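Bear in mind that the values here come from a model prediction, so they are computed numbers and not experimental data. By convention here, the first residue in the shown sequence is residue 1.
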Amino acid sequence: MAYPEQTTGRIVIEKCAIATVDAHDTEYATGHLVINGNRIESLGPGDAPEALGNVTRRIDGTGHLLTPGLINTHHHFYQWITRGLAQDANLFNWLVALYPTWARIDEEMVYAAARGSLGMMARGGVTTAMDHHYVFPRGAGDLLGAEIRAAAELGVRFTAARGSMDRGESDGGLPPDFAVETLDGALTETERAIDTYHDASFGSMLHIAAAPCSPFSVSTELMREAAELARRKGVRLHTHGSETAEEEKFCHELFGMGPTDYFESVGWLGEDVWMAHCVHMTDEDIAAFARTRTGAAHCPSSNARLGAGIARVPDMLAAGVPVGLGVDGTASNESGELHTELRNALLVNRLGPHRQDALTVRQALRLGTYGGAQVLGRAQETGSLEAGKLADAVLWKLDGIGHSSIADPVAALVLGAAAPVTLSLVGGRPIVEDGHLLRADEEEIARDARDEARRLARIAADAG
């Protein structure tokens, strides 16, 4: 099947199972979806009406499951070119090992890494991506612009979290001094990014968030003033929070309080905030997140890779905390795929105190779709299949050898092998067909990423 980049008329997908992930978890064993322009016009059981006018494409979804597009809520694209390193380290040792290399990235490297990261996610059903970029070495070029360009080329909806660090080695931080910014420089560049790129309109392809890196690499002044800037500009806030036991100890030693209390003291709890990881959360922390509607990005594979622990996702959900899924940087989750996080979230959380009652397959799918939309502030636009919402949808092939004997299609998607993507649509435009990117050359992406990874390794070795 060949799909044009620009769609006209109606698109009909029918004869497939549908999991809408709406407020009632409505599902159809065999149903249809009608797309008109960039929005969902209607959906329901059975086939679409034959008399429906101006249908330019009618897709037979037999043997498939149709879901909302997946939404990634935490990532570091630049790490695509530093995968497979520090294989047996915890978070702090991993950071110490990798910061000297990361401090040498430049615009060409970030562009190649962003295309690799975005391409891998898009092939696996991601329609809305997010990246937290916080490493800005002096003289490295337009790193945020490189990511934005890559997302536009691949056709993925994008939230670019403009990160920052102002605490280098000389101030007790982990990154080299030349890879951090001044307080004023970080705030100025964050505001410039918002003014240049942020589009708050319905159906926007690009949001900007303000995103100082973490409590141990950012001054209190930057945290507080970034929150004030974001709220003055009407954008969201993002950072790392409660990822490790070491971070908990650090916050108590430096601030005299735990991470959540520290975040609240600097204005960093609220419905416009989401934190990555949230592994080491007390009952009081979860209650504070629920009270303020602060969101969490759950990154099960990265947390396992670095031995950080198991986030209390069932408890957060029960309390009413918005929770989405994140790939995290691919130096701590080398697969770089979000659809595998559906399975890993369910399995990892069942190792926790709730055991087999921790998460269901439908809760896992909700984390990767509607939960992500909540966390990114886009739940009115995407994250579920409902009339009036954006036509961000994925058609998963479930009649092949890996899934055909699983009767429940949602269980097949979540518990089974990574399902092939037959079609992925962003605003009604196809970006993936039969498992392949439509808007980019995958071999070129792989080659460029390999070359930039080798160049970075050479530069870091020469500097070391």
Q) So which pairs with a foot in residues 155-177 pass ring-ring contact (aromatic ring centres under 6.0 Å, His included), sequence neighbours left out? A) Phe77-Phe158
Q.
Tell me every residue that passes side chain to side chain donor-acceptor pair (under 3.5 Å) with Asp315, counting only those two or more places apart in sequence or in another chain.
A. Arg312, His354
Q: May I ask you to check whether His74 and His76 show a side-chain donor-acceptor distance below 3.5 Å?
A: yes
(Q) Keeping Thr188 on the side-chain end and Gly185 on the backbone end, is there a donor-acceptor pair under 3.5 Å? (A) no
(Q) Between Arg123 and Glu442, is the side chain to side chain contact (heavy atoms under 4.5 Å, CB included) condition met? List the steps. (A) CA-CA 10 Å; Arg123 288 199 334 169; Glu442 295 175 24; 3.0 Å; yes
Q) Who are the ring-ring contact (aromatic ring centres under 6.0 Å, His included) partners of Trp268, not counting sequence neighbours? A) none
Q) Is the shortest heavy-atom distance from the side chain of Thr260 to the side chain of Glu264 under 4.5 Å? A) no
Q) Which pair of non-hydrogen atoms, one from Ala418 and one from Thr340, has the smallest distance, and what is that distance? A) CB-CG2, 4.4 Å
Q. Would you find a donor on one side and an acceptor on the other, under 3.5 Å apart, between the side chain of Arg343 and the backbone of Leu415?
A. yes
(Q) Ignoring hydrogens, what is the shortest heavy-atom contact between Ala297 and Trp274? Give both atom names and the distance. (A) CB-CD1, 4.1 Å
Q.
Between Glu221 and Arg224 (salt bridge meaning N to carboxylate O under 4.0 Å), is one present in this structure?
A. no
Q: List the steps, then state whether side chain to side chain contact (heavy atoms under 4.5 Å, CB included) holds for Ile431 with Leu154.
A: CA-CA 7 Å; Ile431 64 167; Leu154 270 69; over 6 Å; no
Q. Taking all non-hydrogen atoms of both residues, which atom of Thr190 and which atom of Ala210 are closest, and how far apart?
A. CG2-CB, 3.9 Å
Q | Derivation and outcome, side chain to side chain contact (heavy atoms under 4.5 Å, CB included), residues Ile310 and Asn349 | A | CA-CA 7 Å; Ile310 302 173; Asn349 280 281; 4.1 Å; yes
Q. Just by modelled atom types, is the Glu334 backbone N or O under 3.5 Å from a matching donor or acceptor in the Arg83 side chain?
A. yes
Q. Between the side chain of Thr101 and the main-chain N/O of Ala460, is any donor-acceptor distance below 3.5 Å?
A. no
Q. Are the side chain of Glu181 and the backbone of Asp166 linked by a donor-acceptor contact shorter than 3.5 Å?
A. no
**Q.** Ser265 side chain near Phe255 side chain, heavy-atom distance below 4.5 Å
**A.** no
Q | Qualifying residues under salt bridge (Lys or Arg N to Asp or Glu O under 4.0 Å), relative to Glu271, sequence neighbours excluded | A | none
**Q.** Partner residues of Arg455 under the salt bridge (Lys or Arg N to Asp or Glu O under 4.0 Å) criterion, sequence neighbours left out
**A.** Asp106, Glu452
Q. How are the rings of His133 and Phe136 set relative to one another: parallel (under 30°), tilted (30 to 60°) or perpendicular (over 60°)?
A. perpendicular
Q) How about Gln380: does its CD atom have over 12 heavy atoms from other parts shown lying under 6.0 Å from it? A) no
Q. Just by distance, do the side chain of Trp94 and the backbone of Ala331 share a donor-acceptor pair under 3.5 Å?
A. yes
Q. Would a 4.5 Å heavy-atom cut-off, applied to side chains only, mark His298 and Glu341 as touching?
A. no
Q: Taking the side chain as every heavy atom from C-beta outward, state whether Asp199 and Met205 have any atom pair closer than 4.5 Å.
A: no
Q) Just wondering, do Leu456 and Tyr78 contact through their side chains at under 4.5 Å, heavy atoms? A) no
Q: For the pair Thr196 and Ile208, evaluate side chain to side chain contact (heavy atoms under 4.5 Å, CB included) and give the outcome as yes or no after the intermediate values.
A: CA-CA 9 Å; Thr196 302; Ile208 303 294; over 6 Å; no
Q) Restricting to pairs with a member in residues 170-202, which pass ring-ring contact (aromatic ring centres under 6.0 Å, His included), not counting sequence neighbours? A) His198-His207
Q: Can you measure from OG1 (Thr382) to CD1 (Ile71) and round to the nearest 0.5 angstrom?
A: 4.5 Å
**Q.** Gly203 to Arg378 - nearest heavy-atom pair and separation
**A.** C-NH2, 3.8 Å
Q: Check whether any side-chain N or O of Thr239 sits under 3.5 Å from a backbone N or O of Cys213 as a donor-acceptor pair, and report yes or no.
A: yes
Q) Just wondering, do Pro137 and Trp102 contact through their side chains at under 4.5 Å, heavy atoms? A) no
Q. Looking at CG of Leu222 and CZ of Arg167, how far apart are the two atoms once the value is rounded to the nearest 0.5 Å?
A. 10.0 Å
Q.
Given 3.5 Å as the limit, does a donor-acceptor pair link the side chain of Asp177 with the main chain of Glu169, or not?
A. yes
Q.
Quick check: do Met223 and Pro215 have side-chain heavy atoms less than 4.5 Å from each other?
A. no
Q) Between Asn333 (side chain) and Val327 (backbone), is there a donor-acceptor pair under 3.5 Å? A) yes
Q: Would you give the length of the straight line joining atom NZ of Lys389 to atom CD of Glu381, rounded to the nearest 0.5 angstrom?
A: 9.0 Å
Q: State, with a plain yes or no, whether a side-chain heavy atom of Leu306 is found less than 4.5 Å away from one of Thr244.
A: no
Q: Could you tell me the separation between the CH2 atom of Trp396 and the CG atom of Leu423, rounded to the nearest 0.5 Å?
A: 11.5 Å
Q: Could you grab the distance from atom CZ of Arg439 to atom CG of Leu118, nearest 0.5 Å is fine?
A: 12.0 Å
Q. Between the main-chain N or O of Pro300 and the side-chain N or O of Asn344, is there a donor-acceptor pair closer than 3.5 Å?
A. no
Which side-chain N or O atoms in residues 141-149 pair as donor and acceptor under 3.5 Å with protein atoms at least two apart or in another chain?
residue	atom	partner	partner atom	Å
Asp142	OD1	Gly145	N	2.9

Q) What is the minimum heavy-atom distance between Ser117 and Trp80, and which atoms define it? A) OG-CB, 3.5 Å
(Q) Tell me every residue that passes side chain to side chain donor-acceptor pair (under 3.5 Å) with Thr127, counting only those two or more places apart in sequence or in another chain. (A) none
Q | Partners passing side chain to side chain donor-acceptor pair (under 3.5 Å) against Arg362 (at least two apart in sequence or in another chain) | A | Glu27, Asp408
Q: Check salt bridge (Lys or Arg N to Asp or Glu O under 4.0 Å) between Lys233 and all other residues, then give those that pass, not counting sequence neighbours.
A: Glu191, Asp195
Q.
What's the separation between atom CE in Met120 and atom CG in Leu437, rounded to the nearest 0.5 Å?
A. 10.0 Å
Q.
Quick check on side chain to side chain contact (heavy atoms under 4.5 Å, CB included): which of Leu365, Leu385, Val410 does Val21 satisfy it with?
A. Leu365
**Q.** Contacts of type side chain to side chain donor-acceptor pair (under 3.5 Å), residue Ser424, not counting sequence neighbours
**A.** none
Q) What pairs with Arg157 under salt bridge (Lys or Arg N to Asp or Glu O under 4.0 Å), at least two apart in sequence or on another chain? A) Asp392
Q. Does a donor on one side chain sit under 3.5 Å from an acceptor on the other, for Asp184 and Thr182?
A. no
Q. How far apart are the closest heavy atoms of Arg162 and Ala193, and which atoms are they?
A. CG-CB, 3.9 Å
